[in-house]
Chemist: 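Before I ask anything, here is the structure I am working with.
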Amino acid sequence: MAKKKSKEVKVNFKTSWEYAPAPESKDHIRLKEKYDLFINGRFTAPLAGKYFDTINPATEKTLAQVADASEADVNLAVSAARDAYEKVWSKMPAKERGKYIYRIARAIQERAREFAVIESMDGGKPIRESRDVDVPLAAAHFFYYAGWADKMEYAAPGKKVRPLGVAGQIIPWNFPMLMAAWKIAPALAAGNTVVLKPAETTPLTALKLAEVIQESGLPDGVVNIITGAGTTGAALVNHPDINKIAFTGSTEVGKVIQRAIAGTHKKYTLELGGKAANIIFEDAAIDQAVEGIVNGIFFNQGHVCCAGSRLFVQESVADIVVRKLKDRMETLIVGDPLDKNTDIGAINSKEQLNKIRQYIKIGINEGGECYESSCSIPSKGFFHRPTLFTNVAQSSRIVQEEIFGPVLAIQTFRTVEEVIEKANNIPYGLSGGVWTDKGSKIFKVTSQIRAGVIWANTYNKFDPTSPFGGYKESGVGREGGLHGVMPYVEVLHA
Ligand code: NAD
């Protein structure tokens with residue numbers, strides 16, 4: 001019998017994977033036309049009367065106008081936080097503080113759908129992610145830190161712990177609600193009061209949180225939320241009556257802040273950029289690893305500080321991994337963030353989309369081979385197809401620099417030593433991933449990569465009990481767990 005020639009089967013995803021639209025309803029969302037600053041328990045108009053638009057990046061339509069806080073507004077917010085600290089919050093029994101934090105957690109749960117839809121409208125992330133990750137994790141952080149409020153003495157046995165005072169907190173646009181929770185919950189649990197500034201492109205969930213905080217009966221001035229751009233953030237950083245700066249954002253701005261507070265009494269934690277190595281060994285479960293690569297780089301459009309944006313594949317399995325990855329990328333749906341089928345939503349802003357496009361050009365000019373999925377994308381709004389680069393060098397800019405978009409740079413390696421050296425040869429040190437069947441290899445690799453978090457055979461798993469933070473230019477300090485609350489207290493010998 002004549003032998004049949006084996007033929008490569010190409011799956012046509014275009015015809016076999018059509019989903020009917022499944023849009024999340026917006027009917028329950030209440031957005032004001034104009035948002036004031038939340039200072040001393042009240043929504044207060046900015047002194048200079050200036051507002052700016054916050055838009056939906058998927059439609060380019062304005063969602064609301066938001067106050068632009070000047071230095072004078074920052075002064076009011078810090079003075080409200082100081083008063084609340086001195087007169088109320090630092091005097092309140094710790095277990096009472098815990099009850100308020102618990103109440104905020106419950107209120108977030110009760111309004112979870114509203115928060116999730118607003119997060120997706122203001123930031124562009126798929127509703128599946130804001131609904132299943134951002135909002136539940138934000139509530140979980142408040143629950144978790146509510147538990148610490150009256151146990152801080154037990155965290156440092158035989159010593160006394162004292163809150164720092166007023167914390168100035170500045171957050172980015174990629175996880176607006178979750179970052180607000182990471183900041184506010186441990187600060188309050190430790191007995192501090194706060195002034196928080198959300199990012200200028202995503203202020204709405206923080207302002208909704210202000211409504212929840214108002215309804216929770218939290219004493220006036222314990223949490224103040226001010227909106228604005230970099231100058232508002234700088235006024236907060238430079239305010240002399242701030243005891244601690246907690247910043248999450250780019251390494252560039254982190255360095256500016258570190259210089260600004262050098263030589264002052266201010267304590268600080270900086271959660272900055274990243275360029276994680278996601279490492280696939282030849283003995284890994286390849287299909288699961290491909291899912292992990294997709295989750296690592298395309299989750300939240302790649303706007304993730306710990307994104308697995310550098311992929312290292314062992315040479316012997318590189319061809320099959322890249323082929324399976326390209327096939328999987330073809331199935332990803334890019335589009336309306338409010339559609340439950342959507343895998344990749346809108347890029348957060350036009351500026352960010354331009355930055356991503358610029359890096360694609362740089363990658364091509366450097367000799368990289370660029371592959372984009374062939375999916376359709378909406379004609380209005382800011383969207384980018386999932387993209388990967390092969391044929392890149394360790395020195396390529398798209399390998400060394402944080403793009404913060406759905407763009408993966410793929411390199412190969414032969415030995416464990418080689419991949420450890422390549423993974424560490426980068427200014428950042430925030431996170432990483434290892435995929436292998438061998439426990440011993442996991443221990444060897446994870447112990448030698450200089451990064452705050454490394455996942456093994458999974459990626460992007462978060463939990464409020466688990467510390468998160470960076471080495472090198474990825475920052476200073478940790479958030480989450482006991483590690484996340486200790487930077488908000490002074491430990492004194494009893
Ligand atoms: P960004 O640094 O541009 O802005 C972050 C925040 O700082 C915003 O609220 C902004 O208004 C404010 N700001 C800007 N200039 C300032 C100044 N001079 N003084 C004080 N505040 C100022 O960052 P981004 O583009 O909003 O966020 C993306 C970056 O955040 C990425 O680099 C990402 O890796 C990083 N990030 C890190 C973590 C982490 O935990 N390590 C988490 C999320 C995001």
Side-chain angles (χ1 to χ4, degrees), residues 52 54 66 68-69 71 74 122-125 134 137 141 168-183 195-203 205-206 225-239 242 245-261 266 268-276 299-309 347-356 359 401-405 426-431 451-453 460 462 466-480 483-484 487:
F52 61 94
T54 184
V66 178
D68 191 357
E71 198 179 327
V74 172
D122 204 21
K125 65 175 67 202
D134 298 61
L137 263 180
H141 270 82
Q169 309 183 314
I170 299 169
I171 56 173
W173 45 259
N174 58 340
F175 292 92
M177 174 79 180
L178 185 57
M179 291 300 108
W182 279 26
K183 293 279 178 280
V195 179
L196 174 109
K197 189 196 89 62
E200 50 273 37
T201 59
T202 53
T205 42
I225 295 181
I226 54 167
T227 43
T231 46
T232 308
L236 189 56
V237 167
N238 293 320
H239 196 291
I242 290 280
I245 289 292
F247 172 77
T248 298
S250 60
T251 296
E252 195 188 344
V253 174
K255 286 180 182 175
V256 171
I257 292 177
Q258 203 168 21
R259 276 195 289 271
I261 61 181
K266 292 171 195 169
Y268 60 93
T269 40
L270 303 172
E271 299 282 355
L272 310 176
K275 190 82 186 178
F299 174 62
N300 199 29
Q301 297 73 248
H303 302 326
V304 184
C305 50
C306 52
S309 48
I347 299 300
N348 185 264
S349 64
K350 194 166 193 182
E351 292 70 41
Q352 188 59 25
L353 182 59
N354 289 341
K355 180 178 166 193
I356 294 166
Y359 269 110
E401 296 173 20
E402 186 185 46
I403 301 174
F404 226 54
I426 191 103
Y428 296 109
L430 189 59
S431 60
V453 178
N460 275 339
F462 302 97
S466 170
F468 185 90
Y471 288 103
K472 303 195 273 185
E473 294 200 10
S474 289
V476 182
R478 296 289 177 268
E479 292 187 309
H483 295 69

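In listed order, ligands and their atoms are each counted from 1.
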Chemist: So, does Gly470 sit close enough to ligand 1 that a heavy atom of it is under 4.0 Å from the ligand?
Modeler: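 No, Gly470 has no heavy atom closer than 4.0 Å to ligand 1.
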
Chemist: How far is atom 26 (O) of ligand 1 from its nearest protein heavy atom, and which residue and atom name does that atom have?
Modeler: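 Nearest neighbour among protein heavy atoms for atom 26 (O) of ligand 1, to 0.1 Å: Trp173 CD1, 3.0 Å.
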
Chemist: Got the closest protein heavy atom to atom 34 (O) of ligand 1, with its distance?
Modeler: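 Protein heavy atom with the smallest distance to atom 34 (O) of ligand 1: Glu402 OE2, 2.6 Å.
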
Chemist: Do ligand 1 and Ile257 have nitrogen or oxygen atoms that lie under 3.5 Å from each other?
Modeler: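 In fact, backbone or side chain, Ile257 has no N or O that close.
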
Chemist: Nearest heavy-atom pair of Leu430 and Gly274: which atoms, and what distance?
Modeler: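 Minimum heavy-atom contact is CB-CA, 4.3 Å.
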
Chemist: Side chains of Glu479 and Thr248: closer than 4.5 Å at any heavy-atom pair?
Modeler: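 In contact.
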
Chemist: Do any nitrogen or oxygen atoms of Ile171 lie less than 3.5 angstrom from nitrogen or oxygen atoms of ligand 1?
Modeler: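 Looking only at distances, the answer is yes, because the N/O contact criterion of under 3.5 Å is met.
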
Chemist: Does the N or O separation between Asn174 and ligand 1 drop below 3.5 Å for any pair?
Modeler: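 In this structure, Asn174 places no N or O atom under 3.5 Å from an N or O of ligand 1.
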
Chemist: For Pro487 and Thr269, which heavy atoms make the closest approach, and how far apart are they?
Modeler: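 Taking Pro487 first and Thr269 second, the nearest heavy atoms are CB-CG2, 3.9 Å.
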
Chemist: Hey, which atoms in ligand 1 end up nearer than 4.0 Å to a heavy atom of Ile170?
Modeler: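 Going through ligand 1 atom by atom, the ones under 4.0 Å from Ile170 are 6 (C), 7 (O), 9 (O), 12 (C), 20 (C), 21 (N).
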
Chemist: Could you tell me whether Phe175 approaches ligand 1 through its side chain, its backbone, both or neither, with non-hydrogen atoms closer than 4.0 Å?
Modeler: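 Neither; no heavy atom under 4.0 Å.
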
Chemist: Under 3.5 Å, is there a donor-acceptor pair between the side chain of Glu473 and the main chain of Tyr428?
Modeler: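 A pair under 3.5 Å: no.
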
Chemist: Taking all non-hydrogen atoms of both residues into account, name the closest pair between Lys125 and Gln301 and its distance.
Modeler: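 Looks like CA-NE2, 3.8 Å.
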
Chemist: With a cut-off of 4.0 Å, which atoms of ligand 1 are near a heavy atom of Ala199?
Modeler: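 Counting atoms of ligand 1 from 1, those under 4.0 Å from Ala199 are 9 (O).
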
Chemist: Identify, for atom 27 (O) of ligand 1, the protein heavy atom at the shortest distance, and state residue, atom and that distance.
Modeler: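 Answer for atom 27 (O) of ligand 1: Pro172 CB, 3.2 Å.
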
Chemist: Would you mind reporting whether Ile347 and His303 have side-chain heavy atoms less than 4.5 Å apart?
Modeler: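 The answer is yes; the side chains approach within 4.5 Å.
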
Chemist: How far is atom 28 (C) of ligand 1 from the closest protein heavy atom, and which atom is that?
Modeler: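 That would be Phe404 CE2, 3.5 Å.
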
Chemist: Would you check if Ile261 and Tyr268 make a side-chain contact, meaning some heavy-atom pair closer than 4.5 Å?
Modeler: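 Ile261 vs Tyr268: side chains touch.
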
Chemist: Show the nearest heavy-atom pair for residues Ile225 and Pro198, with the distance to one decimal.
Modeler: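 Where Ile225 meets Pro198 most closely, the heavy atoms are CG2-CD, 4.1 Å.
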
Chemist: Which of the numbered atoms in ligand 1 are under 4.0 angstrom from any heavy atom belonging to Leu430?
Modeler: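 In order of number, 41 (N).
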
Chemist: Closest approach of Tyr359 and Ile403, non-hydrogen atoms and distance?
Modeler: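 Heavy-atom minimum between the residues: CG-CG1, 3.7 Å.
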
Chemist: Which of the numbered atoms in ligand 1 are below 4.0 angstrom from a heavy atom of Pro198?
Modeler: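 What qualifies from ligand 1 is 9 (O).
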
Chemist: Is the distance from the ring center of Phe468 to that of Trp182 below 6.0 Å?
Modeler: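 Between Phe468 and Trp182, the centre distance is under 6.0 Å.
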
Chemist: State the atoms of ligand 1, each with its element, that fall below the 4.0 Å cut-off from a heavy-atom position in Gly233.
Modeler: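 Near Gly233, meaning under 4.0 Å from one of its heavy atoms, ligand 1 has 19 (N), 20 (C), 21 (N).
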
Chemist: If you define the side chain from C-beta out and look only at heavy atoms, does anything of Ser309 sit under 4.5 Å from Val304?
Modeler: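 Answer no - side chains too far apart.
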
Chemist: Starting from atom 13 (N) of ligand 1, locate the nearest protein heavy atom and write down its residue, its atom name and how far away it is, to 0.1 Å.
Modeler: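 Heavy-atom neighbour on the protein nearest atom 13 (N) of ligand 1: Gly230 CA, 3.8 Å.
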
Chemist: Could you tell me whether atom 30 (O) of ligand 1 has at least one protein heavy atom nearer than 4.0 Å?
Modeler: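 Under the 4.0 Å cut-off, atom 30 (O) of ligand 1 does have protein heavy-atom neighbours.
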
Chemist: What closest approach, in Å, do Ile226 and Thr232 show between heavy atoms, and which atom pair accounts for it?
Modeler: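 Of all heavy-atom pairs spanning Ile226 and Thr232, the closest is CD1-CG2, 4.0 Å.
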
Chemist: Quick test: of every protein heavy atom, which one is nearest to atom 3 (O) of ligand 1, and how far off is it to 0.1 Å?
Modeler: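 Protein heavy atom at minimum distance: Ser250 OG, 3.9 Å.
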
Chemist: Quick check on contacts: which atoms of ligand 1 are under 4.0 angstrom from a heavy atom of Ala234?
Modeler: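 Those of ligand 1 that fall under 4.0 Å from Ala234 are 19 (N), 20 (C).
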
Chemist: Just to be sure I read this right, does ligand 1 sit under 4.0 Å from the backbone of His303, its side chain, both, or neither, counting only heavy atoms?
Modeler: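 Looking at His303 and ligand 1, no heavy atom falls under 4.0 Å.
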
Chemist: Should the proximity of Val304 to ligand 1, defined as any heavy atom under 4.0 Å, be assigned to the side chain, the backbone, both, or neither?
Modeler: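 Looking at Val304 and ligand 1, no heavy atom falls under 4.0 Å.
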
Chemist: Does Lys197 count as lying over the ring of Phe247, i.e. NZ or CZ under 6.0 Å from the six-ring centre, within 45 degrees of the axis?
Modeler: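 Checked: cation-pi criterion not met.
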
Chemist: State, without any angle test, whether Thr202 and Asn348 hold a side-chain donor-acceptor pair at a distance under 3.5 Å.
Modeler: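 The criterion, which ignores hydrogens and geometry beyond distance, is not satisfied for Asn348 and Thr202.
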
Chemist: Can you tell me which portion of Glu200 lies within the under-4.0 Å heavy-atom range of ligand 1? Options are side chain, backbone, both, or neither.
Modeler: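 Looking at Glu200 and ligand 1, just side chain atoms fall under 4.0 Å.
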
Chemist: Can you tell me the protein heavy atom closest to atom 36 (N) of ligand 1 and the distance?
Modeler: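 Of every protein heavy atom, Cys305 CB, 3.5 Å lies nearest to atom 36 (N) of ligand 1.
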
Chemist: Identify the protein heavy atom lying closest to atom 16 (C) of ligand 1, giving its residue, its atom name and the separation to 0.1 Å.
Modeler: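 Protein heavy atom with the smallest distance to atom 16 (C) of ligand 1: Val253 CG1, 3.4 Å.
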
